[in-house]
Amino acid sequence: MNTQERYYLRENVYFEPLVLKWYAWPYLLPPVSAAMNLSGRSLRLMKSFVANHQLHLAASKNPELAGGDFVNCGEDQLENVRALIHEMENSHQDYLELRKAVARLNELLAQTKGLSLEPLYEEVPDALRGYVELVYDMNHSASFRLIEGLIYESPLYKPGAQSVSLGLLGKVKERPFVLSSPRLPDDNHLHIEVPFADGFIDELFAARSEPIGRDRIETLFGAVGQRGGLTVDELFTTQAPTRTRAPLAGRLRVSYLGHAGLLLETERTSILVDPVIAVRDEANGDRVLSFSELPDKIDYICLTHTHMDHVCVETLLQLRHKTGQILVPKNGGGSIVDPSIKLMLQKIGFDVREFEDMETLDCADGRIRAIPFLGEHADLHIRSKTAWYFEFAGKKIFSGADSSSLDERMYRHIHQVIGDVDLLFIGMECVGAPMSWLYGSLFTKPIAREINESRRFNGSDCASARKMVEIFNPSEVYIYALGMEPWFKYFMGMDYSEDARQILESSQLLEFCEQRQVRSGRLFAKQVWDFH
């Protein structure tokens, strides 16, 4: 590097936040759900890999098994996997004990007969003692509430277990599926030992658009621990990223970012919805809307629900330096399966505001409203979910995410408040994974097969989406959040065939819209709508 030149972070640099070397999806941020997943899933997978790595490697190469429980680490990483197992079992034994404590507390509460729970406080296992409230629901079924805010202030929240990994698209063939493979230092990655709240992350990603000098780069990286063969010099370039941002005078621009991501822009307000920003390289090129094409300031980021393709920690941390406030759904409070999005994001440096159902926020030149969201959560009592509705420049936009019209009466009530809409975005992952795929590690007893297969993460099918079209009478309908973009396969873990039900059902909806003379499409890569 030349001391006189200014450097940008390369566009093809990809970033992975890690907790104990595992990809940081939302359920690895709250301490209790992190303990349940790391001890109940990650540890199990790594031990299986050590016992029979050839089976795992063969399965990882089979596209039909994409997203399955197979560790995709090379044979040369066996010793590193063993070392990580040893670290978890010795340095983080409190996480293993926490899982046992949850199981024991569930057993105690299962024995109650509706009588007072007060005597049971003395029997709460030590790992949870002082961090839970014992409660009944209205049917006299006993459960417990985690006191999440207090747990984040305890030794169970471990910033020291957090780190980040940097790589270069093009230098690696593909990124392994995030839920089944640890991220270990190797020749193609640089691991940085910093917690997620550290300013290192903000300064690094600000360099995507604001160049920095060599001295500052050396100071920045010299202050952190590093492992891996990728060099700091490889991360930077003197070539500025290509930015093509048309003026917005008097206009509303809506951009599709891929998967469930949207960007709404006016002269005075910029809003991202469920951003999962793709890293641009030669393979995907102009098909993706990259970080360099985003506004210099994001006023609001609206998140719909806690699933990792909607609350993408990887993307959010890269945007933190330019983000005003994150808007999230109201949390029910204290459930392992429904951790507070507000608390987890506040803890890693964001300004966060929770929204009740139908609550509104008046912006400088428009309005944002939280809309109730049914479906896609395997019938679990999860409050942290909302669709978002926007009114800007005389246009009404409904971002429905994975909503399903399980009760069309609710949407008719909502229509009486907001009226017809101009753009309706709806996900149609109508055959979702079984409940255990995402939440299995949070249960302390096996889930019966019949229950597991019945309670899936189903979004809208054609019949459900048709109801929403009929109720809200949109001018345009767009299907998104199907996981179709190949550059998101590393965290979506899916690959559709032409006869997949998701494709067939969404095609039926497109035919229905055509019959109603409603413009529609199944979104892929990027698309932009300009409204004058």
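What's counted below: heavy atoms across the whole structure, side chains too, no hydrogens, waters or symmetry copies.
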Could you go through the side-chain contact (heavy atoms from CB on, under 4.5 Å) check for Y389 and V421 one step at a time?
CA-CA 9 Å; Y389 165 77; V421 302; 4.2 Å; yes
Look up atom CZ in R320 and atom CD1 in I326, then write down how far apart they are to the nearest 0.5 Å.
10.0 Å
Whether the Y300 and T269 side chains hold a donor-acceptor pair (N or O, under 3.5 Å, no angle test) is what I'd like checked.
no
I need the full list of salt bridge (Lys or Arg N to Asp or Glu O under 4.0 Å) pairs touching residues 322-336, with sequence neighbours left out, sorted by first then second residue.
K330-E354
Any pair counted as salt bridge (Lys or Arg N to Asp or Glu O under 4.0 Å), so long as it reaches residues 299-318, sequence neighbours left out
R175-E314
Say you draw a straight line from CD1 of I277 to CG of L272; how long is it, rounded to the nearest 0.5 Å?
6.0 Å
Neighbour count above 12 (heavy atom, 6.0 Å) for Q111 CD
yes
Can you list everything that forms a side-chain contact (heavy atoms from CB on, under 4.5 Å) with K47? Sequence neighbours excluded, please.
L43, I85, E89
Are I151 and Y157 close enough, and set up right, to give a side-chain contact (heavy atoms from CB on, under 4.5 Å), and what steps lead you there?
CA-CA 7 Å; I151 295 172; Y157 181 65; over 6 Å; no
Residue pairs passing the side-chain hydrogen bond (donor to acceptor under 3.5 Å, both in side chains) test with at least one member in residues 24-40, sequence neighbours excluded, are none
Give the C-alpha distance, both sets of side-chain angles, the deciding distance and a yes or no for salt bridge (charged side-chain N to carboxylate O under 4.0 Å, His left out) between K21 and E16.
CA-CA 10 Å; K21 299 296 184 287; E16 295 187 334; over 6 Å; no
Please work out whether the ring planes of H191 and H189 are parallel, tilted or perpendicular, with thresholds of 30° and 60°.
perpendicular
Check: residues 130-142 side-chain donor-acceptor pairs under 3.5 Å, at least two apart:
| from | atom 1 | to | atom 2 | distance (Å) |
| --- | --- | --- | --- | --- |
| E133 | OE1 | R145 | NE | 2.9 |
| E133 | OE1 | R145 | NH2 | 3.3 |
| Y136 | OH | G114 | N | 3.2 |
| Y136 | OH | L115 | N | 3.1 |
| Y136 | OH | L115 | O | 2.5 |
| D137 | OD1 | N139 | N | 2.8 |
| D137 | OD1 | H140 | N | 3.1 |
| D137 | OD1 | S141 | N | 2.9 |

Take atom CD in E118; do more than 12 heavy atoms of anything else shown fall under 6.0 Å from it?
no
Would you confirm whether Q502, through its side chain, and C430, through its main-chain N or O, come within 3.5 Å as a donor-acceptor pair?
no
Tell me if a side-chain donor or acceptor on T112 pairs with a main-chain N or O of L109 at a distance below 3.5 Å.
yes
Those residues that, when tested against E356, pass salt bridge (charged side-chain N to carboxylate O under 4.0 Å, His left out) (two or more places apart):
R383
Considering non-hydrogen atoms only, spot the tightest contact between V71 and S180 and give its length.
CG2-O, 3.2 Å
Quick one: pull up CD in E193 and CZ in R227 and give me the separation to the nearest 0.5 Å.
7.5 Å
Which atom pairs, donor and acceptor, lie under 3.5 Å between side-chain atoms of residues 434-444 and protein residues at least two apart or in another chain?
| from | atom 1 | to | atom 2 | distance (Å) |
| --- | --- | --- | --- | --- |
| S436 | OG | N452 | OD1 | 3.3 |
| S436 | OG | N452 | ND2 | 2.9 |
| W437 | NE1 | G67 | O | 3.3 |
| Y439 | OH | H307 | NE2 | 3.1 |
| T444 | OG1 | N106 | ND2 | 3.1 |

Working to the nearest 0.5 Å, report the span between OG of S335 and CZ of F144.
8.0 Å
Among residues at least two apart in sequence or on other chains, which ones pass side-chain contact (heavy atoms from CB on, under 4.5 Å) with S384?
T306, P329, N331, D338, I341
Those residues that, when tested against Y23, pass ring pair (Phe, Tyr, Trp, His ring centres under 6.0 Å) (two or more places apart):
none
Could you tell me whether a side-chain N or O of T315 sits under 3.5 Å from a main-chain N or O of C312, the two making a donor and an acceptor?
no
E376 (side chain) donor-acceptor with S404 (main chain) under 3.5 angstrom:
no
Around D126, counting heavy atoms of other residues, nucleotides and ligands shown, do more than 12 lie under 6.0 Å from its CG?
no
Indicate yes or no for a side-chain donor-acceptor contact from Q318 to the backbone of F205 under 3.5 Å, with no hydrogens or angles considered.
no
Shortest non-hydrogen contact from G74 toward F49
O-CZ, 4.0 Å
Carefully, step by step, assess D402 and K385 under the rule salt bridge (charged side-chain N to carboxylate O under 4.0 Å, His left out).
CA-CA 10 Å; D402 298 319; K385 57 185 189 291; over 6 Å; no
Working to the nearest 0.5 angstrom, can you tell me the gap between M468 CE and S460 OG?
6.0 Å
Run the side-chain contact (heavy atoms from CB on, under 4.5 Å) check on F472 and I418 step by step: do they pass?
CA-CA 9 Å; F472 291 107; I418 68 174; 3.7 Å; yes
With a 4.5 Å heavy-atom cut-off, do F196 and L29 have their side chains touching?
yes
If every non-hydrogen atom of A378 is compared with every non-hydrogen atom of R455, which pair is closest and at what distance?
O-NE, 2.9 Å
Y95 ring centre to K158 NZ or CZ under 6.0 Å, with the angle to the axis within 45°?
yes
Going by the rule ring pair (Phe, Tyr, Trp, His ring centres under 6.0 Å), which residues pair with F200 if we only count those two or more places apart in sequence or in a different chain?
F221
In this structure, CD1 of I298 is separated from CD1 of I271 (nearest 0.5 Å) by 10.0 Å
Check the side chains of D202 and H321 for a donor-acceptor pair under 3.5 angstrom, ignoring hydrogens and angles.
no
Without swapping roles, check the side chain of S181 against the backbone of C73 for a donor-acceptor pair under 3.5 Å.
no
Are any side-chain N or O atoms of R82 and backbone N or O atoms of M46, one a donor and one an acceptor, separated by less than 3.5 Å?
no
For the residue pair H377 and H305, categorise the inter-ring angle as parallel (less than 30°), tilted (30 to 60°) or perpendicular (more than 60°).
perpendicular
Would you find more than 12 non-hydrogen atoms of other residues, nucleotides or ligands less than 6.0 Å from K297 atom NZ?
yes
Can any side-chain N or O of Y480 pair as donor or acceptor with the backbone N or O of M428 at less than 3.5 Å?
no
With heavy-atom distances below 4.5 Å as the criterion, would you say the side chains of S42 and L20 are in contact?
no
Donor-acceptor pair, H310 side chain versus T304 backbone, under 3.5 Å?
no
Which heavy atom of H56 sits nearest to which heavy atom of D69, and what is that distance?
CE1-O, 4.0 Å
Results of side-chain contact (heavy atoms from CB on, under 4.5 Å) for K467 - residues two or more places apart only
S405, E408
Using a 3.5 Å distance criterion without hydrogens, assess whether the side chain of R353 forms a donor-acceptor pair with backbone atoms of L327.
no
Qualifying residue, where the test is ring pair (Phe, Tyr, Trp, His ring centres under 6.0 Å) with W388 and the options are F373, F355, F398:
F355
Restricting to side-chain contact (heavy atoms from CB on, under 4.5 Å), what partner residues turn up for R104, sequence neighbours left out?
E107, L108, P125
